[in-house]
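Written below as structure tokens is the structure these notes are about.
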Amino acid sequence: MAPKTIEVRILRQDGPAGASRWEEFSLPYQPNMNVISCLMEIQKHPVTRDGRTTSPPAWDQNCLENVCGSCSMLVNGRPVQACCTLVDRLSLPLELRPLTKFPLVRDLVVDRQRMFDLLRKVKAWVPIDGTHDLGPGPGMAEVERAKAYEFSRCMTCGCCMEACPQFGPGNDFVGPAPIGQVRLFNAHPTGRMNQVERLQTVMGKGGVSDCGNAQACVQVCPKKIPLLDAIAEVNRQVTGQWLRELFGG
Amino acid sequence: MSESRIIVVGGGLAGLMATIRIAELGVPVDLFSVVPVKRSHSVCAQGGINAAVNIKGEGDSPDIHFLDTVKGGDFLAHQPPCKAMAYDAPAIIHMLDRMGVMFNRTAEGHLDFRRFGGTLHHRTAFAGATTGQQLLYALDEQVRRHEDAGRVTKYEFWEFLGTVSHGDRCVGIVAIDLHAMAVRTFRADAVILAVGGPGLIFGRTTNSTANTGSAATSVYRDGARYANGEFIQIHPTAIPGADKLRLMSESARGEGGRVWVPRAKGDTRDAKAIPEAERWYFLEEKYPRFGNLVPRDIASREIHEVCVNQGMGLGGELMVYLDVSHIPRAMLDKKLGGILETYEMFVGLDPRDVPMKIFPAVHYSMGGLWVDYERTADGLLDLDSPRNHATNLPGLYAAGECEYQYHGANRLGANALLSCIYAGKVSGPAAVHYAGGLTQGAAALPDAPYAAAQRRWEERFAEIRRFAGPENPYRLWEEMGDVMTRHVTIVRDNRRLAETDQKLQELMARWRQLNVLDTSGWTNQPLVFVNQLWNMLELARVVTLGALRRDESRGAHYKPEFPKRDDANWLKTTIAVWSESGPKFSYEPIDASLIAPIARKYD
């Protein structure tokens, strides 16, 4: 039977420095509620369960349909996209916390700039000559395209990075999401042209070989991207590159 | 010219494309966005992007694409920009393909194309059912490449507040850092706004939460003209939700999805238990040629007719079935996987097995900031002209959904991604040409206009920060959304529109009674929302009053009192100009010199 009210506990912190605290809210239950609709309900009535007026919690959001990657947070301990996490499928009370692997900004907002910097580091792009008309792109078999498409849906949301035991503030491991992008661009007919430079960014310390094979990343990816396949493939490519460099091949 | 500096506001398709083009011309770009650009609303576009590449050998051509676009827009769009866009579309597809967009392929490895509304040709390239996401990522990657090379500087989590002007010239912007909450000005020789649509003035829609229209409204308040605001597209197929109305892409119909209701009013049987003969495929019946792929305004209106006027909606509501369950699963997974997963995730039922329940929702604004263009003798655009995509404020440009250029009274499916990229591609060089022609660059201007603009906005936020009244901003927004959705969407009535404007003015009075909810100086989201809310109210009046004045039916604008298109009186662009007491309206003729307006028929 559906409950009449939903209890939500939110870990709050006013800024990067300072102490955190729990706040608890009690919301009227509605069918098909998700975590964002709960937070929106709190915005409309920012009063805690014990009747104290507070500020609405801060969080990141945009598309609300699992395609922009904004609203990553820990819901009942699991990194998810809050917008497509339905209350009916969760145990209560709901517990919302910010991701822990990225610097805290405020409440549920964290700073994921490191992920975008990593995309830059691994050269996650196709090196085109320019946007002027040079005719059609390279042909591609549909099966190859379909496989590559799985990796091109990565939203840079950070859930896999949060779950990965090797990735974190005190560690320089590149993490699963950027490795998926290395896999993507190394398979593209033009992207492959700077495969060597790209592989050099994930060789050695902090590179793909630092993966501890915990396999946590694939379990939390909201897009079900086959990250383990990417890690295995990029590992092979890196080994090949290492051998070529060693023997001057 | 090498000393020019250009600001682009907004990191969706239009903003990123403009950024790339400017960077390619060697001019540094400062790129501002309220979210990391990779999270912009363009990611929500699902179905595809149009280009008459004629891969299926159907005799498709840019001229037919051009005709479909202006006819789809019910002849309200200026024709030269539409023609130029249709002619450039194949090159845009090839460019995206070269950037690595994982477009679906044919057996031979060519790009595959699907059908979309308002055309009889397979003209829509697609990447699964997440085409917008894939296109945005490709441009995001190219911008990152230019960023890596030092040509682009990003300001993410910064919100545009207004322009800085020197005389009548736009010479920079005022923006607020959404974390540190500091207000700052930035100098630029030209500014391109690519800030997206204003869906949130209707409350819950298919739009992302950043789509408040606040930035475009802000420049409207600074004197920029706003055109055709009353033309708002209602997408016929969305999924209801408490936080947002999620889109069910037109590609579901493009791949064979069928819209129906039970023939018997109040039939409570499960959809699967209703035999074929007892299902009413009302679009196929009324429009035998285009069937389920009539343009969106027509589909939404027919759904409204069947559900509201005839009382045939599912459960007596404004709701119908969208059925893809007759299509083989493997084909659905390959071509529509992403959107079917979305339905399954939020509704809990598998649309491969059971028909989806869908309803119309606010989706897109055809109207937006007025922008100029310079045509050639053969009806295309003069791409060397600084007039293309220029607003009436010198130095201020607009591109993408925030301007009105390409869609007239109704946008065809899969023309949005195209128009955003095309607008970015054209506006970037136009701004560079303009900046290159200036005798005095922004860097050499005195400090005074910047200091004055900064002071004005600091005072504005200091005022809002003191708001301690009884009204909650998010509930006031909900009230606005409810009244706008009820009276300013599929069916419009002059009495209701006038009442809506009264209500909007009441809400504006109550805006001053708001409580800011948060007085913090760090990542204060309600503070910026209260500022946005005022702009939303201003823009809602432009939309509502524009609709009230236009006594005809055209494209997405439908008034039963005036059911026909009236070219004698209304084949003209609506122009709204801000004043203290509300929008002032005037009208401008349309360049319909290439295709004479004909009746818009799809049966």
Keeping the roles fixed (side chain from B/Q525, backbone from A/W59), state whether a donor-acceptor pair exists under 3.5 Å. yes
Distance in Å, A/K147 NZ paired with A/E233 CD, rounded so as to fall on 0.5 Å steps: 10.0 Å
Heavy-atom distances under 4.5 Å only: say whether B/E108 touches chain A with side chain, backbone, both or neither. neither
For residues 182-195 of chain A against chain B, heavy atoms under 4.5 Å, the residues are A/L184, A/F185, A/H188
Tell me, for A/M33 versus chain B, whether the close heavy atoms (under 4.5 Å) come from the side chain, the backbone, both or neither. neither
Less than 4.5 Å to any heavy atom of chain B: does that hold for the side chain of A/T54, its backbone, both, or neither? backbone
Donor-acceptor pair, side chain of A/R153 and main chain of B/Q133, under 3.5 angstrom: no
Can you list the residues of residues 79-87 of chain A that sit under 4.5 Å from chain B, counting heavy atoms only? A/C83, A/C84, A/L86
Non-hydrogen atoms of chain A under 4.5 Å away: do they reach the side chain of B/F157, the backbone, both or neither? side chain
Among A/P56, A/G15, A/P46, single out the residue with the greatest number of heavy-atom pairs under 4.5 Å to chain B. A/P56
How many angstroms lie between CZ in A/F25 and CG in A/L39, if you round to the nearest 0.5 Å? 9.0 Å
Under the side chain to side chain contact (heavy atoms under 4.5 Å, CB included) rule, what do A/F116 and A/T156 come out as? Steps first, then yes or no, please. CA-CA 8 Å; A/F116 296 110; A/T156 319; 3.8 Å; yes
Write down the atom of B/G199, the atom of B/T205, and the distance for their closest heavy-atom approach. O-CG2, 3.1 Å
Using only non-hydrogen atoms and a strict under-4.5 angstrom cutoff, which residues of residues 135-145 of chain B touch chain A? B/Y137, B/E141, B/Q142, B/R144, B/R145
If every non-hydrogen atom of B/R98 is compared with every non-hydrogen atom of A/H132, which pair is closest and at what distance? NH1-O, 3.1 Å
Any ion pair linking B/R204 and B/D243 (charged N to carboxylate O, less than 4.0 Å)? no
Find the one option among B/G338, B/A107, B/A91, B/A242 whose heavy-atom pairs under 4.5 Å with chain A are most numerous. B/A91
Bottom line for A/D88: the part with an atom under 4.5 Å from chain B's heavy atoms is neither
Among B/V53, B/N54, B/T106, whose side chain to side chain contact (heavy atoms under 4.5 Å, CB included) with B/F113 holds? B/V53
Hey, is the main chain of A/T100 close enough, under 3.5 Å, to the side chain of A/E162 for a donor-acceptor pair? yes
Which one, A/Q30, A/R145, A/E142, leads in non-hydrogen pairs under 4.5 Å with chain B? A/R145
Contact part of B/Q46 toward chain A, heavy-atom cut-off under 4.5 Å: side chain, backbone, both or neither? side chain
Between the main-chain N or O of B/S42 and the side-chain N or O of B/S40, is there a donor-acceptor pair closer than 3.5 Å? no
Please determine if A/D107 and A/R97 form a salt bridge, counting it only when a charged side-chain N lies under 4.0 Å from a carboxylate O. no
Closer than 3.5 angstrom, by distance alone: can the side chain of B/R475 be matched with the main-chain N or O of A/K44 as a donor-acceptor pair? yes
For the pair A/D60 and B/R39, find out whether any cationic side-chain nitrogen is under 4.0 Å from an anionic carboxylate oxygen. no
Most heavy-atom pairs under 4.5 angstrom with chain A, which of B/H94, B/E24, B/M95, B/K38? B/H94
Contacting moiety of B/T519, where chain A heavy atoms sit under 4.5 Å: neither
Considering all heavy atoms of both residues, which atom of A/M161 and which atom of A/A177 are nearest to each other, and what is their separation? SD-N, 3.9 Å
Do NZ/NE/NH1/NH2 and the carboxylate oxygens of A/E23 and A/R12 come within less than 4.0 Å? yes
Select, from B/T206, B/D97, B/T209, the one with the greatest count of heavy-atom pairs under 4.5 Å involving chain A. B/T209
For the pair B/F103 and B/F126, evaluate ring pair (Phe, Tyr, Trp, His ring centres under 6.0 Å) and give the outcome as yes or no after the intermediate values. CA-CA 5 Å; B/F103 285 120; B/F126 60 102; 8.4 Å; no
Quick check: are there more than 12 heavy atoms from other residues, nucleotides or ligands sitting under 6.0 Å from NZ of B/K357? no
Is chain A contacted by the side chain of B/P240, its backbone, both, or neither, given a heavy-atom distance below 4.5 Å? neither
Which residue out of B/V347, B/N104, B/L476, B/T342 racks up the most heavy-atom pairs below 4.5 Å with chain A? B/N104
With a 4.5 angstrom heavy-atom cut-off, could you sort out which part of B/D148 is near chain A: side chain, backbone, both or neither? both
So what's closer than 4.5 Å to chain A heavy atoms on B/H179: side chain, backbone, both or neither? side chain
At a 4.5 Å cut-off on heavy atoms, which part of B/S520 comes close to chain A: side chain, backbone, both, or neither? side chain
For A/M140, is it the side chain, the backbone, both or neither that has a heavy atom under 4.5 Å from a heavy atom of chain B? both
Mind running side chain to side chain contact (heavy atoms under 4.5 Å, CB included) on A/D14 and B/W522 for me, showing each step along the way? CA-CA 8 Å; A/D14 296 337; B/W522 180 258; over 6 Å; no
More than 12 heavy atoms of other residues, nucleotides or ligands under 6.0 Å from CG of A/D50: yes or no? yes
Quick one: which of A/D133, A/N62, A/V126 has the most heavy-atom pairs under 4.5 Å with chain B, could you say? A/N62
For the pair B/W477 (side chain) and B/N472 (backbone), establish whether a donor and an acceptor sit closer than 3.5 Å, ignoring hydrogens and angles. no
Given the options B/P526, B/G132, B/G100, which has more heavy-atom pairs under 4.5 Å with chain A than any of the others? B/G100
Do you know which of A/K123, A/H45, A/R112 has the most heavy-atom pairs with chain B at a distance under 4.5 angstrom? A/R112
When heavy-atom pairs shorter than 4.5 Å are enumerated against chain A, which of B/K334, B/E156, B/E341 gives the highest number? B/K334
The criterion is side-chain contact (heavy atoms from CB on, under 4.5 Å); which residues satisfy it with B/N515, sequence neighbours excluded? B/L517
In terms of heavy-atom pairs under 4.5 Å with chain B, which of A/S152, A/G139, A/S55 leads? A/S152
For the side chain of B/K244 and the backbone of A/C63, is there at least one donor-acceptor N/O pair under 3.5 Å apart? yes
Options A/R89, A/Q181, A/E41, ranked by heavy-atom pairs under 4.5 Å with chain B, top entry: A/R89
Heavy-atom distances under 4.5 Å only: say whether A/A58 touches chain B with side chain, backbone, both or neither. both
Please look at A/V67 and chain B and tell me whether the side chain, the backbone, both or neither of the residue comes under 4.5 angstrom of a heavy atom of that chain. both
Can you give me the closest heavy-atom contact between B/G10 and B/L31, atom names plus distance? O-CD1, 3.5 Å
Strictly distance-based, threshold 3.5 Å: is any side-chain N or O of B/R21 a donor or acceptor partner for the main-chain N or O of B/K425? yes
dist A/C38:SG -> A/Y29:OH (nearest 0.5 Å) comes out at 10.0 Å
